[in-house]
Each structure stands twice: as structure tokens, then as C-alpha cells.
Amino acid sequence: MENTLQAMLEWFDALLLDAGAWLRGYVSQLALAFVATLLVIYGSDINRTIKGAVRTWPRIMRLVAFVLMCVFGYGALTVLITPWIARGLSQVDTFWLAPVVIGGFLLLGWLAERKNQI
């Protein structure tokens with residue numbers, strides 16, 4: 001019985017190491033997926049805030065503000081935050097990378113559920 005448990009634990013350890021090594025090559029894409037998902041979850045809050053701030057502006061200025069928010073706001077957030085998350089993921093030990101990634105996506109799913117996105 002003890003040998004079986006030991007073999008299962010060794011198999012699980014090898015699985016975590018293999019999964020982490022595989023994910024290591026996709027850290028940048030995973031970070032981008034995290035940022036994109038966060039923007040989807042909180043985009044309506046950002047839009048509502050900007051909409052409230054520019055409500056009294058003339059139509060053309062609201063249009064320009066919307067374009068600037070999309071191009072520079074969301075674009076800048078993506079460009080600035082993605083490398084930060086990628087750096088953090090690259091510092092996670094290979095053994096723990098798969099659980100951290102899975103946990104991160106589960107956390108994003110939980111956040112989306114709380115915001116009635118699911």
C-alpha cells in the first residue's frame with residue numbers, strides 16, 4: 001500500500017514538473033490571457049467611469065475620448081501589465097507553475113462570476 005502511494009506521489013510530481021516545463025514556454029501568452037480576461041471582467045466599470053466623466057462634453061469630444069480610451073487606455077494597460085505578470089509567472093518554480101496558472105484562471109472565473117459575467 002505504501003509503495004502504491006509513493007508511486008502515485010512520484011507520478012503526480014512528474015506530472016507537475018512536465019506541465020510546468022510545458023507552460024514555461026507560454027508565459028507571455030498566459031500573462032496576456034490574464035490581462036485580457038481582467039479587462040473583459042472590469043471593462044464595463046472602466047467604461048462607466050469614463051462615460052460619467054465625459055457625459056457633459058460635446059459629442060465629437062466624447063468620441064475622441066472613447067477612441068483614446070480604447071487605443072491608449074486599454075492598449076497601455078495591456079502593454080504595461082502583461083510583462084509584469086509574465087515576469088511574475090517566470091519567477092514561479094516550475095513545479096508550482098501549473099497550479100499557479102490553474103489557480104489564477106480559477107480566480108478570474110470567480111471574479112467574473114461575482115461580476116455576473118458568467
Side-chain angles (χ1 to χ4, degrees):
M1 178 73 170
E2 191 173 310
N3 288 338
T4 305
L5 181 60
Q6 183 66 27
M8 287 175 54
L9 289 174
E10 288 174 7
W11 174 83
F12 190 68
D13 286 352
L15 178 68
L16 287 176
L17 282 171
D18 289 345
W22 181 74
L23 288 172
R24 180 84 47 213
Y26 298 97
V27 164
S28 294
Q29 291 88 342
L30 290 166
L32 181 59
F34 282 131
V35 172
T37 305
L38 281 169
L39 288 175
V40 167
I41 293 170
Y42 291 104
S44 61
D45 295 335
I46 295 169
N47 288 345
R48 190 176 321 105
T49 301
I50 298 298
K51 186 177 179 179
V54 300
R55 181 180 307 134
T56 59
W57 294 7
R59 175 175 276 167
I60 190 69
M61 295 302 294
R62 289 193 311 262
L63 175 68
V64 170
F66 176 76
V67 170
L68 291 174
M69 178 188 63
C70 289
V71 172
F72 295 106
Y74 290 130
L77 283 172
T78 302
V79 169
L80 295 173
I81 295 173
T82 298
W84 182 75
I85 292 176
R87 213 171 305 120
L89 286 174
S90 67
Q91 292 178 359
V92 174
D93 185 73
T94 302
F95 182 82
W96 292 105
L97 186 57
V100 166
V101 168
I102 291 168
F105 280 115
L106 287 173
L107 175 64
L108 290 173
W110 179 75
L111 290 171
E113 178 67 31
R114 285 185 47 128
K115 302 267 306 156
N116 293 319
Q117 298 286 329
I118 298 177

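As the structure is a prediction and not an experimental result, all values here were calculated from the model.
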In chain order, what residues pass the side chain to side chain donor-acceptor pair (under 3.5 Å) check against [X], with sequence neighbours excluded?
X     : value
Ser28 : none
Gln6  : Glu10
Gln91 : none

### salt bridge (Lys or Arg N to Asp or Glu O under 4.0 Å) partners of residues 38-50, not counting sequence neighbours, each pair once
Asp45-Arg48, Asp45-Lys115
### Summary
Here the salt bridge (Lys or Arg N to Asp or Glu O under 4.0 Å) pairs for residues 58-87, sequence neighbours left out, are none
Quick one: ring pair (Phe, Tyr, Trp, His ring centres under 6.0 Å) partners of [X], sequence neighbours excluded?
X     : value
Phe95 : none
Tyr74 : none
Trp57 : none

Report whether [X] and [Y] are members of the same hydrophobic cluster (ILVMFWY, side-chain heavy atoms less than 4.5 Å apart, transitive linking).
X      : Y     : value
Ile50  : Leu80 : no
Val100 : Phe12 : yes
Val71  : Leu68 : yes
Val101 : Val40 : no
Phe72  : Val79 : no

### Message
With side-chain contact (heavy atoms from CB on, under 4.5 Å) as the criterion, how do Leu77 and Val35 come out once you've worked through the C-alpha distance, each side chain's angles and the decisive distance to 0.1 Å?
### Response
CA-CA 8 Å; Leu77 283 172; Val35 172; 5.6 Å; no
### Query
Given the rule in the side-chain contact (heavy atoms from CB on, under 4.5 Å) test, do Thr49 and Ile46 qualify, once you have shown the distances and angles that lead to the verdict?
CA-CA 5 Å; Thr49 301; Ile46 295 169; 5.8 Å; no
### Task
May I ask you to list the residues sharing a hydrophobic cluster with Leu106, side-chain cutoff 4.5 Å, ordered by chain and number?
Ile102
### Message
Could you list the cluster mates of Leu5? Members are the ILVMFWY residues connected by side-chain heavy atoms closer than 4.5 Å, either directly or through other members.
### Response
Leu9
Please report the closest heavy-atom contact between [X] and [Y], naming both atoms and the distance.
X     : Y      : answer
Ala19 : Ala98  : CB-CB, 3.8 Å
Ile41 : Leu108 : CD1-O, 3.3 Å
Ala65 : Val54  : CB-CG1, 4.0 Å
Ala86 : Val27  : O-CG1, 3.3 Å

### Task
Could you tell me the separation between the CG atom of Asn3 and the CE atom of Met8, rounded to the nearest 0.5 Å?
13.0 Å
### Task
Nearest 0.5 Å please: distance from the OH atom of Tyr26 over to the CG atom of Leu89.
15.0 Å
### Partner set under side chain to side chain contact (heavy atoms under 4.5 Å, CB included) for Leu32, not counting sequence neighbours
Thr78, Thr82
### Task
List the steps and the verdict of side-chain contact (heavy atoms from CB on, under 4.5 Å) for Asn47 and Met69.
CA-CA 9 Å; Asn47 288 345; Met69 178 188 63; 3.1 Å; yes
4.5 Å side-chain heavy-atom contact, [X] and [Y]:
X     : Y     : value
Arg24 : Thr94 : yes
Val64 : Val67 : no
Ile81 : Phe34 : no

### Task
Can you tell me which residue pairs pass the side-chain hydrogen bond (donor to acceptor under 3.5 Å, both in side chains) test with a partner in residues 31-44, sequence neighbours excluded?
none
### Task
Go through the steps for Trp110 and Glu113 under the test side-chain contact (heavy atoms from CB on, under 4.5 Å), then give the verdict.
CA-CA 5 Å; Trp110 179 75; Glu113 178 67 31; 5.5 Å; no
### Message
Is it true that, when you exclude Phe105 itself, more than 12 heavy atoms of the residues, nucleotides or ligands shown sit nearer than 6.0 Å to its CZ?
### Response
yes
